[in-house]
Amino acid sequence: MQLSCSISLPAAFRPADILAFHRRDPQEISERVGDASLDKGMVWGRSPACLSIRFQRRRASATLVIDSHVVEDRQVDFERMVRRMLGLAQEIEVFEEQYRGHPQLGPLIARQPGLRVPAASTPFEALTWAVTGQQISVSAAVSLRRKLIEATNIHHSGGLLCYPEAQQILGLTEETLRRCGFSTTKTKTLLTLSALVTNDKLPLDAWAETIPVDIIQSQLEAVRGIGPWTVNYALLRGFGWLDGSLHGDAAVRRGLQTLLESPEKIGEEKAKTWLSQFSPWRALIGAHLWATQSPKAY
């Protein structure tokens, strides 16, 4: 089965940001990234699928090839997913207009106008990536992610491995996840999240349509091993919510130290206070600070 759509892009759209986000793993076992293309293995309707996005001038063409002939036709869901991945619902024009003259944010915006935050294909992928990346380097997190994908071993007919859904992770044992390199805490957190999603106690896909932020925050933070940084990162990468405070992120604080020309390192409280004045754009500013260091690392 195949789904397709063609989406018009804003004049200032930056395809390179989207491609860089998916280019993190140099081994390309589940994503292949070209100069203007992305192929990504994922699970759709419990079937292996390959998402292909091709960028042309002012337009993105997307196709989802599903290894099944009995998958429900979800054209609307497919288009919504692609638009979310490309950050097209993010009202960045409002942010840039508001802060173009700001003494610190103005130069940041001028340096990288049109910056949007690329999202994962599903909120579950974003959440599990956030858990995977807790308190370790990006390269270490990418290695763990690769081993998780290999452990679930979901092959698409086009050759890519697929990022698993909750049911596939729930099928792994704690021992398997520990052999992949996950800590005991992360192992238990991943399995708990997968069980909650499978039992529809964390309806992530339904939340993606409405983004009930308070409910998402409270229910995720009730899971052992998940704190504010993980929640805010998952809200950003999974739902496109731009107001999570990423003051707990070391790279955000490094970028802020440079931006403010501070001779001393910026602590979490100072970063939190500084970012608070820019609500509802705190996570978008965090993404701008990431981009000043490495556009593909986070």
Check the pair Thr187, Thr184 against side-chain hydrogen bond (donor to acceptor under 3.5 Å, both in side chains), reporting the backbone distance first and the verdict last.
-> CA-CA 5 Å; Thr187 292; Thr184 299; over 6 Å; no
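- Taking NE2 from His22 and OG from Ser37, the interatomic distance works out to 12.0 Å, rounded to the nearest 0.5 Å.
- With hydrogens and angles left out, the side-chain atoms of Tyr163 and Thr128 include a donor and acceptor closer than 3.5 Å.
- Taking CG of Leu202 as the reference point, atom CZ of Phe124 lies at 10.0 Å (rounded to 0.5 Å).
- In this structure, Arg237 is not positioned above the aromatic face of Trp129 in the sense of NZ or CZ being under 6.0 Å from the six-membered ring centre and within 45° of the axis.
- Applying the 6.0 Å contact sphere to CD of Glu97 captures no more than 12 heavy atoms from other residues, nucleotides or ligands.
- Formation of a donor-acceptor pair under 3.5 Å by the Ser143 side chain with backbone atoms of Ala140 is not found in this model.
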Trp229 vs Asp249, side-chain hydrogen bond (donor to acceptor under 3.5 Å, both in side chains): CA-CA, chis, key distance, verdict | CA-CA 7 Å; Trp229 179 87; Asp249 190 283; 3.2 Å; yes
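- Among Leu19, Leu9, Leu115, the single residue meeting the side chain to side chain contact (heavy atoms under 4.5 Å, CB included) criterion with Arg14 is Leu115.
- Across all non-hydrogen atoms, the minimal contact from Pro280 to Asp243 is CA-OD1, 3.0 Å.
- Gln98 places no side-chain N or O within donor-acceptor distance of the main-chain N or O of Phe95, the cut-off being under 3.5 Å.
- In the displayed structure, Glu264 atom CD is contacted under 6.0 Å by at most 12 heavy atoms of other residues, nucleotides or ligands.
- Note on ring orientation: taking the six-membered ring where Trp is involved, the planes of Trp274 and His102 are perpendicular (angle over 60°, cut-offs 30° and 60°).
- Side-chain atoms of Gln277 never come within 3.5 Å of backbone atoms of Thr273 as a donor-acceptor pair (strictly under, hydrogens ignored).
- When atom types are taken as modelled, the side chain of Thr176 and the backbone of Leu172 share no donor-acceptor pair closer than 3.5 angstrom.
- Judged by distance alone, the side chain of Glu125 and the main-chain N or O of Pro164 form no donor-acceptor pair under 3.5 Å.
- Side-chain N/O atoms of Ser137 and Ser139 include a donor and acceptor closer than 3.5 Å.
- Residues Ile266 and Arg253 come closest through the heavy atom pair O-CD, 3.1 Å.
- Remark: side-chain polar atoms of Thr152 are paired, donor with acceptor, to backbone N or O of Leu148 under 3.5 angstrom.
- Taking each heavy atom of His288 and Ile109 in turn, the nearest pair found is CE1-CA, 4.4 Å.
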Would Thr230 and Gln134 satisfy side-chain hydrogen bond (donor to acceptor under 3.5 Å, both in side chains), going step by step from the backbone distance to the final call?
-> CA-CA 7 Å; Thr230 302; Gln134 292 169 343; 2.8 Å; yes
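- Rounded to the nearest 0.5 angstrom, Thr258 OG1 and Leu108 CG are separated by 11.0 Å.
- The only option from Val213, Val117, Ile216 that meets the side chain to side chain contact (heavy atoms under 4.5 Å, CB included) definition with Trp241 turns out to be Val213.
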Output, in order, the C-alpha distance, side-chain angles, deciding distance and verdict of side chain to side chain contact (heavy atoms under 4.5 Å, CB included) for Gln56 and Arg54.
-> CA-CA 7 Å; Gln56 300 91 29; Arg54 302 291 183 264; 3.6 Å; yes
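- A donor-acceptor distance shorter than 3.5 angstrom exists from the side chain of Arg84 to the backbone of Ser121, with no hydrogens or angles considered.
- The side-chain heavy atoms of Leu160 and Cys50, taken from C-beta on, include a pair separated by under 4.5 Å.
- One finds the CG atom of Leu204 at 9.5 Å from the CD atom of Gln219 (value rounded to the nearest 0.5 Å).
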Do Leu64 and Met42 pass the side chain to side chain contact (heavy atoms under 4.5 Å, CB included) test, and can you show the C-alpha distance, the side-chain angles, and the key distance before you say yes or no?
-> CA-CA 10 Å; Leu64 187 70; Met42 58 180 296; 4.0 Å; yes
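- When all heavy atoms of Cys162 and His155 are compared, the closest pair comes out as SG-C, 4.4 Å.
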Test salt bridge (Lys or Arg N to Asp or Glu O under 4.0 Å) on Glu28 and Arg146 and set out the steps.
-> CA-CA 9 Å; Glu28 294 193 321; Arg146 183 190 312 129; over 6 Å; no
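- Stacking of Arg24 on the aromatic ring of Phe21 is recorded, both the 6.0 Å distance cut-off and the 45° axial limit being met.
- Aromatic ring centres of Phe278 and Tyr99: separated by under 6.0 Å.
- Summarising the geometry, atom SG belonging to Cys5 is positioned 4.5 Å from atom CD belonging to Glu79; distances are rounded to the nearest 0.5 Å.
- Using modelled atom types, one side-chain atom of Thr189 and one backbone atom of Arg224 make a donor-acceptor pair closer than 3.5 Å.
- Summarising the geometry, atom CZ belonging to Arg83 is positioned 5.5 Å from atom CD1 belonging to Ile7; distances are rounded to the nearest 0.5 Å.
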Please report the C-alpha distance between Glu175 and Arg178 in whole Å, then the side-chain angles of each, then the deciding distance to 0.1 Å, and finally whether the side chain to side chain contact (heavy atoms under 4.5 Å, CB included) criterion is met.
-> CA-CA 5 Å; Glu175 181 182 359; Arg178 295 288 286 119; 5.7 Å; no
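- Remark: side-chain polar atoms of His247 are not paired, donor with acceptor, to backbone N or O of Gly267 under 3.5 angstrom.
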Any chance you could lay out the side chain to side chain contact (heavy atoms under 4.5 Å, CB included) test for Phe182 and Val131, step after step, and finish with the verdict?
-> CA-CA 10 Å; Phe182 289 93; Val131 171; over 6 Å; no
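- Electrostatic pairing of Lys188 and Glu174 counts as a salt bridge here, judged by a charged N lying under 4.0 Å from a carboxylate O.
- Ala234 approaches Ala126 most closely through the heavy-atom pair O-CB, 4.1 Å.
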Mind running salt bridge (Lys or Arg N to Asp or Glu O under 4.0 Å) on Arg80 and Asp205 for me, showing each step along the way?
-> CA-CA 11 Å; Arg80 184 183 294 121; Asp205 292 336; over 6 Å; no
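- Residues Leu246 and Leu275 approach most closely at N-CD1, 4.3 Å, considering heavy atoms.
- Formation of a donor-acceptor pair under 3.5 Å by the Arg116 side chain with backbone atoms of Gly87 is found in this model.
- Under the 3.5 Å distance criterion, with hydrogens and angles disregarded, a donor-acceptor pair is assigned to the side chains of Arg59 and Ser6.
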Can you check side-chain hydrogen bond (donor to acceptor under 3.5 Å, both in side chains) on Asp67 and Ser47, steps first, answer last?
-> CA-CA 6 Å; Asp67 282 353; Ser47 298; over 6 Å; no
